[in-house]
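Structure first, commentary second.
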Amino acid sequence: MNTWTHTTVLLNEAIDALITRADGLYVDATFGRGGHSRALLAQLGAAGRLLAFDKDPEALAEAAQIRDERFSIRHQGFAALGELPPASVTGVLMDLGISSPQIDNPERGFSFRADGPLDMRMDPTRGQSAAEWLAVADQRQIAEVIRDYGEERFAVPIAKAIVARRQERGPLASTAELAELVAGAVKTREPGQNPATRTFQAVRIFVNGELEELQQALEGSLHVLQPGGRLVVISFHSLEDRIVKQFIARHSRAVVDRRAPFAEPAPTLLRALARVRPGEAEVAANPRARSAIMRVAERTQAPLPANHRGGRA
Ligand SMILES: C[S@@+](CC[C@H](N)C(=O)[O-])C[C@H]1O[C@@H](n2cnc3c(N)ncnc32)[C@H](O)[C@@H]1O
């Protein structure tokens, strides 16, 4: 039993935005340690249901503590939520990224602060670890990942250093080795930030396919949300938030058919409702909340266009 805990971000704000009726079916796409799920269950009525997803076996172990017939969880990536029956869900919540226990436990390999195996998988039972990927990827691919997912100016020198080290002394095995190598390749420091921050974020996003899954899950939510149902997404860095923001904007904008410019525009699928940031008190109590941005949208009455390309498997 470990002692790592997770302080839920925007707890009340997310639940208030999500719940429109007490007897609906809700999806918590990112169970974590269940902070949002427990608060949601406390507000649902006897006929309400909550289906959760998480990739992390430790999240599943925590979920096993919840003995409530209205609750179930799947050990699956949340991109699969688009496979639920069409228009069956009253609200979808996504609290993106990693949980505090994942980052605080050095054995998970997410952190440059404490040494551990270079893993970074949310689901360590599947896929390639960060060490396995960095042992085989070519320099160009490593540089692209670090540049695109870490927005790191020194992506090329970092990738070169990783490949050179691999050739000289064998592949990187630990988080401390990667952090040290990156620190040597990053020439200018950002105040208050560890030089490895951007590289660790980038490798983690790549290893877990985070942005692709997010895009698929957002598309899937259009299929599964009932009219009036809510989509609530909390993101923690600009790449995620940009995807969420653009997705909501794209589906909230009336599309005029260029071949028939005077015809009624196609009805929009979403209505943007809110953008919420944590208050000063929450950030003071939980510094990990400082970069959080929550976006809320509502599924309109409009049927999906026949040619809509969703993320359904
Ligand atoms: C920020 S935490 C959620 C915390 C949770 N709201 C709470 O209050 O305890 C994010 C969780 O989502 C999971 N996760 C992230 N991306 C996922 C994905 N694509 N599919 C399933 N689970 C994912 C992570 O394993 C982690 O447990």
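Each ligand, and each atom within it, is numbered from 1 in the order the structure gives. These values consider heavy atoms only, across backbone and side chains, with no hydrogens, waters or symmetry-generated copies.
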Among side-chain atoms of R21 and T90, is any donor-acceptor pair under 3.5 angstrom?
no
among protein heavy atoms, the one nearest atom 19 (N) of ligand 1 is E213 OE1, 3.1 Å
Distance to 0.1 Å, residue and atom name: give those for the protein heavy atom nearest to atom 10 (C) of ligand 1.
G97 O, 3.1 Å
Look at atom 7 (C) of ligand 1 and say which protein heavy atom is nearest, naming residue and atom and giving the distance to 0.1 Å.
G35 N, 3.4 Å
When you look for heavy atoms under 4.0 Å from ligand 1, do you find them on the side chain of L11, its backbone, both, or neither?
neither
Minimum-distance protein heavy atom relative to atom 25 (O) of ligand 1
D54 OD1, 2.7 Å
For ligand 1, which atoms have a heavy atom of R33 less than 4.0 angstrom away?
7 (C), 9 (O)
Contact check, Q102 vs ligand 1, heavy-atom distance below 4.0 Å
yes
Run the contact test for Q76 against ligand 1 with a 4.0 Å cut-off on heavy atoms, strictly below, and give the result.
yes
Please state which part of L96 comes within less than 4.0 Å of ligand 1, counting heavy atoms only: side chain, backbone, both or neither.
backbone
Among all protein non-hydrogen atoms, which one is nearest to atom 16 (N) of ligand 1, and what is the separation to 0.1 Å?
M122 SD, 3.3 Å
Give a yes or no on whether a salt bridge exists between D138 and R140, defined as a side-chain N under 4.0 angstrom from a carboxylate O.
no
Within the 3.5 Å criterion, strictly below it, is a donor on R153 or T188 matched to an acceptor on the partner's side chain?
yes
Taking 4.0 angstrom as the limit and counting only heavy atoms of D56, give me the atoms of ligand 1 inside it, by number and element.
25 (O)
Where's the contact between K55 and ligand 1, heavy-atom distance under 4.0 Å: side chain, backbone, both or neither?
both
